[in-house]
There are 2 protein chains.
Amino acid sequence: MTKQSETRDLVLDLVERLDVGEAIPSERQLSADLGVSRLTVRAALDDLAREGYLVRRRGAGTFVSEPKIAQELTMTSFTDDMRSRGLRPASETLELRVSPAGARLGRLLRVSPSEPVLIASRLRLADGESMAIETVHIRASRVPGLTARDLEQHSFYELLDERYGIEIVGGEQTIEPTVTDEDESEALGVPLHSPAFRFERLTHSQAGEIVEFVESIYRGDRYRLVTALNRPRERQRARNARAISHDGYH
Amino acid sequence: MTKQSETRDLVLDLVERLDVGEAIPSERQLSADLGVSRLTVRAALDDLAREGYLVRRRGAGTFVSEPKIAQELTMTSFTDDMRSRGLRPASETLELRVSPAGARLGRLLRVSPSEPVLIASRLRLADGESMAIETVHIRASRVPGLTARDLEQHSFYELLDERYGIEIVGGEQTIEPTVTDEDESEALGVPLHSPAFRFERLTHSQAGEIVEFVESIYRGDRYRLVTALNRPRERQRARNARAISHDGYH
DNA sequence: GACGACAAGTGGTATTGACCACCGGGGGAC
DNA sequence: GTCCCCCGGTGGTCAATACCACTTGTCGTC
């Protein structure tokens with residue numbers, strides 16, 4: 001839409017056609033070729049550099065960087081996550097029921113404890129083998145007519161978006177280590193008390209409303225998190241800046 | 001140093017003195033007050049917005065946002081990590097020895113298998129109670145004269161930087177769930193086979209050299225990861241862009 | 001042939017000026 | 001008194017320009 005995002009996409013196409021380490025045209029060159037200001041080019045390149053596609057070297061040029069590893073955890077669905085790991089995703093519904101939220105779930109979803117909540121538990125498969133158990137909790141009135149068949153044939157987030165007009169834009173996730181209990185072990189086909197991840201995810205829509213609470217158990221022997229680490233930014237501020245200033249910001 | 005970073009820090013000071021939801025001065029106002037161009041102000045605010053300190057509302061203003069939760073994993077030391085969680089960090093050296101790297105460690109650190117490597121195992125405490133076991137592996141010639149006392153009195157990363165002139169700028173970390181073995185259970189004071197995180201971290205310096213390999217076992221009952229989730233960016237590019245273009249990027 | 005100074009080109013920073021879409025409140029119409 | 005419109009101010013985008021610090025390759029000197 002904007003020139004900046006157009007530039008970004010054009011450069012991204014270019015990047016994908018070049019090898020790692022190759023230089024892309026200079027900012028001034030791109031600016032002239034694409035008919036946009038250098039500022040616009042820089043903003044686009046800033047974006048791509050921040051996302052790890054490009055590395056800049058002052059005085060030398062801008063180069064295609066090595067394929068990044070996931071820098072931050074994003075709001076990816078199981079389906080997309082597995083595909084990006086080169087695995088074929090599938091799903092089996094273990095349970096699909098509606099029941100009152102109760103105290104804990106009501107608090108998490110910000111609904112009354114008596115509010116009917118849909119609870120859908122699915123076994124997640126990767127390349128035909130069990131990978132995780134995922135249990136979605138969502139206010140039942142948000143997803144009228146949802147069936148087990150729907151869940152097995154579509155990505156839940158796509159369903160929410162396309163059928164129910166709910167677009168998820170963010171969330172918060174806690175991760176802790178655990179071991180599988182009897183039920184989980186049986187469903188996943190692993191020994192009792194196998195190491196596993198427990199994810200708890202609370203997602204919200206554009207309007208800031210809580211949409212769903214998801215609890216997942218991932219097999220520790222098949223799933224690991226890999227992240228890039230960056231050095232945190234330092235403040236670099238004067239130690240006594242606050243003591244000196246007392247009215248405003250100067 | 002640069003006006004942009006000065007502006008950033010000044011606004012950050014201001015942000016910390018305001019309440020959540022309050023508006024900061026407009027970009028044009030800040031620009032006039034600080035004597036810098038609006039673009040410079042914008043770049044600084046972009047930074048702070050990206051880091052979660054500010055939220056912008058077009059047509060309305062820029063506001064102090066709710067305290068962010070960690071959006072991405074950063075290269076923080078145990079010391080800083082605990083402090084940010086409001087806990088008092090401490091450390092006990094369990095083992096400090098030098099031995100040949102061997103095949104696996106040599107490959108990880110990119111040194112010869114016969115190269116002497118310093119292996120330092122420390123029990124990490126938070127508020128006086130065990131939190132983790134951290135084992136650092138580093139080429140011995142990088143840190144001549146390092147003692148157990150050093151490790152207990154200083155942050156290892158500070159030592160590397162200040163005494164040995166090695167600055168760590170990034171790394172890669174894998175996280176998996178596990179259970180504690182006999183030794184770990186005894187050192188941590190938890191029951192055998194308690195759930196725990198295993199972190200494996202490989203860090204590198206500015207020059208891109210591998211600096212150290214760190215293996216950590218964190219108590220699952222005391223430590224959890226909390227992250228914000230963002231919706232991944234979409235490409236928004238024409239499906240057949242590559243098919244059409246064949247010479248360059250237009 | 002080896003070394004070093006120089007120049008061209010690169011990314012990094014900053015300024016000024018302009019227009020747009022959007023939000024919100026105040027003032028007018030009713 | 002209530003409603004609605006409009007308009008000032010806000011962030012979002014973009015252009016043209018300038019100077020700096022740095023890299024790198026070349027050309028000259030020795």
Side-chain angles (χ1 to χ4, degrees), chain A residues 1-12 14-15 18 21-65 169 206-208 231 233-234 236 248-250, chain B residues 1-12 14-15 18 21-65 169 206-208 233-234 236 249-250:
Chain A
M1 196 61 163
T2 65
K3 292 194 179 183
Q4 184 176 318
S5 71
E6 282 173 14
T7 303
R8 176 183 184 276
D9 289 349
L10 279 166
V11 173
L12 196 45
L14 176 61
V15 163
L18 295 176
E22 279 193 84
I24 68 170
S26 75
E27 297 177 356
R28 290 169 179 83
Q29 188 67 44
L30 283 168
S31 165
D33 290 353
L34 302 178
V36 299
S37 77
R38 190 178 157 213
L39 193 77
T40 305
V41 171
R42 275 191 66 78
L45 297 190
D46 279 345
D47 240 37
L48 294 175
R50 200 175 311 116
E51 291 171 36
Y53 292 104
L54 298 174
V55 286
R56 288 175 145 146
R57 284 199 282 135
R58 165 188 283 188
T62 303
F63 305 84
V64 177
S65 68
V169 298
Q206 183 76 56
R231 196 175 48 170
R233 294 198 60 147
E234 3 192 341
Q236 280 179 343
Y249 40 83
H250 61 274
Chain B
M1 196 63 162
T2 64
K3 292 193 179 183
Q4 183 176 319
S5 71
E6 283 173 15
T7 303
R8 176 182 184 278
D9 290 349
L10 278 166
V11 173
L12 196 45
L14 176 60
V15 163
L18 295 176
E22 279 192 82
I24 67 169
S26 74
E27 298 178 357
R28 289 169 179 83
Q29 190 66 44
L30 283 168
S31 166
D33 290 351
L34 303 178
V36 299
S37 76
R38 189 179 156 213
L39 269 191
T40 304
V41 171
R42 275 191 66 79
L45 298 190
D46 279 345
D47 241 37
L48 293 175
R50 196 166 26 244
E51 292 172 35
Y53 292 104
L54 298 174
V55 287
R56 289 177 148 145
R57 285 200 279 137
R58 166 188 284 188
T62 303
F63 305 83
V64 178
S65 68
V169 300
Q206 183 75 57
R233 292 196 62 143
E234 14 190 333
Q236 281 180 342
Y249 39 83
H250 61 273

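Below, each value reflects all heavy atoms present in this structure, side chains not excepted, and no hydrogens, waters or symmetry copies. Convention: sequence-line order gives letters A, B, ...; per-chain numbering from 1.
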Between [options], which one does the side chain of [X] approach most closely?
X        : options                   : answer
Arg58(A) : dC22(D), dC23(C), dG12(D) : dC22(D)
Ser26(A) : dG12(D), dT10(C), dT13(C) : dT10(C)
Glu27(A) : dG11(C), dC22(C), dC14(D) : dG11(C)
Arg42(A) : dT10(D), dA15(D), dT13(C) : dT13(C)
Ser37(B) : dC14(D), dA14(C), dG12(D) : dA14(C)

Calculate the interatomic distance between [X] atom [atom1] and [N] atom [atom2]; express it in whole Å.
X        : N       : atom1 : atom2 : result
Arg8(B)  : dA14(C) : CZ    : C1'   : 18 Å
Ile24(A) : dT10(C) : CD1   : P     : 12 Å
Asp46(A) : dG12(C) : CG    : C1'   : 10 Å
Gln4(A)  : dC20(C) : CD    : P     : 19 Å
Glu6(A)  : dA15(D) : CD    : P     : 11 Å
Phe63(B) : dC23(C) : CZ    : C1'   : 10 Å

Base of [N] paired with side chain of [X] (donor-acceptor, under 3.5 Å):
X        : N       : result
Arg28(A) : dG9(C)  : no
Arg38(A) : dG12(C) : yes
Arg56(A) : dG12(C) : no
Arg57(B) : dG12(D) : no

task = Remember a base hit wins even if backbone is also touched, and classify Leu39(B) as base, sugar-phosphate or nothing at under 4.0 Å, heavy atoms.
result = base

key: Taking every non-hydrogen atom, the tightest pair across Val36(B) and Ser31(B)   = O-OG, 2.6 Å

task = Between Ala60(A) and Lys3(B), name the one whose nearest nucleotide on DNA chain C is closer to the 5' end.
result = Ala60(A)

task = Would you confirm whether Thr62(B), through its side chain, and Ile24(B), through its main-chain N or O, come within 3.5 Å as a donor-acceptor pair?
result = no

Ala44(B) backbone acceptor or donor facing Thr7(B) side chain under 3.5 Å = no

key: Distance test, side-chain N/O of Thr62(B) to OP1/OP2 of dG11(D), below 4.0 Å   = yes

query = Is Thr40(A) near enough to dA15(D) that one of its side-chain N or O atoms lies under 4.0 angstrom from OP1 or OP2?
reply = yes

message = Whether Asp46(A) and Arg56(A) form a salt bridge (side-chain N of Lys/Arg under 4.0 Å from carboxylate O of Asp/Glu) is what I want to check.
response = yes

request  = Could you pick out which residue, Gly61(B) or Gly35(A), lies toward the 5' side of DNA chain D when each is mapped onto its nearest nucleotide?
outcome  = Gly61(B)

ask   = Can you find a heavy atom in the side chain of Glu22(A) that is under 4.5 Å from one in the side chain of Phe63(A)?
value = no

